[in-house]
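Before any comments, here is the structure.
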Amino acid sequence: MNWVFLILAGIFEMFGVAMINKLHKDRNAAAFMLMTAGFGASFLFLAIAMTTLPMGTAYAIWTGIGASGGAILGMMLYGEPKNFKRILFITMVLGAAVGLKLVS
């Protein structure tokens, strides 16, 4: 079950990053509150997941989901480049996260 919490933490991390971009564009209280809620939920679910998962594994997977998810959201929603090298390295980050899950 804590793996589910860890994945939720990563998804909320992605949401928080997307709200940073929205905050830069809109500069309103709603964007700030959504960003704060996203990161707050992310830290909460990460803390719950770390009750049984090793810290190093949980943190690496959380940051991997957040970083690769943020890059994917940027490509899908904000017109960031979608070249082969970028996709290759995002895939490598996700592969490393899966590998950590397999060995822990």
Side-chain angles (χ1 to χ4, degrees):
M1 187 66 184
N2 283 327
W3 285 101
V4 173
F5 289 131
L6 185 58
I7 291 168
L8 284 172
I11 291 169
F12 278 108
E13 181 76 8
M14 291 169 42
F15 178 78
V17 169
M19 290 302 102
I20 289 174
N21 192 40
K22 183 168 179 56
L23 181 63
H24 282 295
K25 290 181 180 184
D26 295 345
R27 299 278 183 196
N28 60 32
F32 178 77
M33 295 303 290
L34 287 171
M35 179 193 71
T36 304
F39 286 127
S42 178
F43 286 125
L44 174 68
F45 285 122
L46 177 63
I48 293 169
M50 287 176 60
T51 59
T52 59
L53 298 176
M55 179 195 67
T57 301
Y59 183 72
I61 291 174
W62 176 67
T63 56
I65 293 170
S68 59
I72 291 168
L73 284 176
M75 289 187 290
M76 292 172 58
L77 302 176
Y78 303 112
E80 294 181 3
K82 298 174 185 152
N83 60 46
F84 173 75
K85 289 180 185 177
R86 189 173 169 99
I87 293 169
L88 172 69
F89 289 121
I90 290 170
T91 304
M92 289 172 66
V93 169
L94 292 173
V98 170
L100 281 171
K101 195 248 184 264
L102 293 174
V103 299
S104 61

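What you are looking at is a predicted structure, and each value in this text was computed from that prediction instead of being measured. Below, each value reflects all heavy atoms present in this structure, side chains not excepted, and no hydrogens, waters or symmetry copies.
Through side-chain heavy atoms spaced under 4.5 Å, either directly or across other Ile, Leu, Val, Met, Phe, Trp or Tyr residues, Ile48 is tied to Met1, Val4, Phe5, Leu8, Phe12, Leu44, Phe45.
If you chain together hydrophobic residues whose side chains sit under 4.5 Å apart, Leu100 and Met55 fall into the same group. Under a hydrophobic clustering in which Ile, Leu, Val, Met, Phe, Trp and Tyr are joined whenever their side-chain heavy atoms come within less than 4.5 Å, directly or via other members, Met76 and Ile90 fall into the same cluster.
For the atom pair Met33 CE and Asn28 CG, the distance stands at 11.5 Å (nearest 0.5 Å). Between atom CG of residue Asn83 and atom CE of residue Met75 there is a gap of 8.5 Å, rounded to the nearest 0.5 Å. One distance of note links CG of Asn2 with CG of Leu6; it measures 8.5 Å at 0.5 Å rounding. Atoms CZ and CD, from Arg86 and Glu80 in turn, are 5.0 Å apart once rounded to the nearest 0.5 Å. A distance of 9.0 Å separates OG1 in Thr63 from CD1 in Ile61, rounded to the nearest 0.5 Å.
What you find for Met19 and Leu34 is that their closest heavy atoms are SD-CB, 3.7 Å. Minimum heavy-atom separation, Leu94 to Ser68: CD2-OG, 3.1 Å. Residues Ser42 and Ala9 share a closest heavy-atom pair of OG-O, 2.9 Å. Across every non-hydrogen atom of Gly16 and Met35, the tightest pair is O-CG, 3.9 Å.
Legend: residues meeting side chain to side chain contact (heavy atoms under 4.5 Å, CB included) with Leu77, ordered by chain and number and at least two apart, are Leu73. The ring-ring contact (aromatic ring centres under 6.0 Å, His included) test applied to Phe43 returns Trp62, not counting sequence neighbours. With sequence neighbours excluded, no residue forms a salt bridge (charged side-chain N to carboxylate O under 4.0 Å, His left out) with Lys101.
Contact annotation: the side chain of Asn21 never approaches that of Val17 to less than 4.5 Å [non-hydrogen atoms, C-beta and beyond].
The stretch residues 7-20 participates, sequence neighbours left out, in no salt bridge (charged side-chain N to carboxylate O under 4.0 Å, His left out) pair at all. The ring pair (Phe, Tyr, Trp, His ring centres under 6.0 Å) pairs that include a residue from residues 77-99 number zero, where partners must be two or more places apart or lie in different chains.
A donor-acceptor contact shorter than 3.5 Å links the side chain of Thr36 to the backbone of Phe32.
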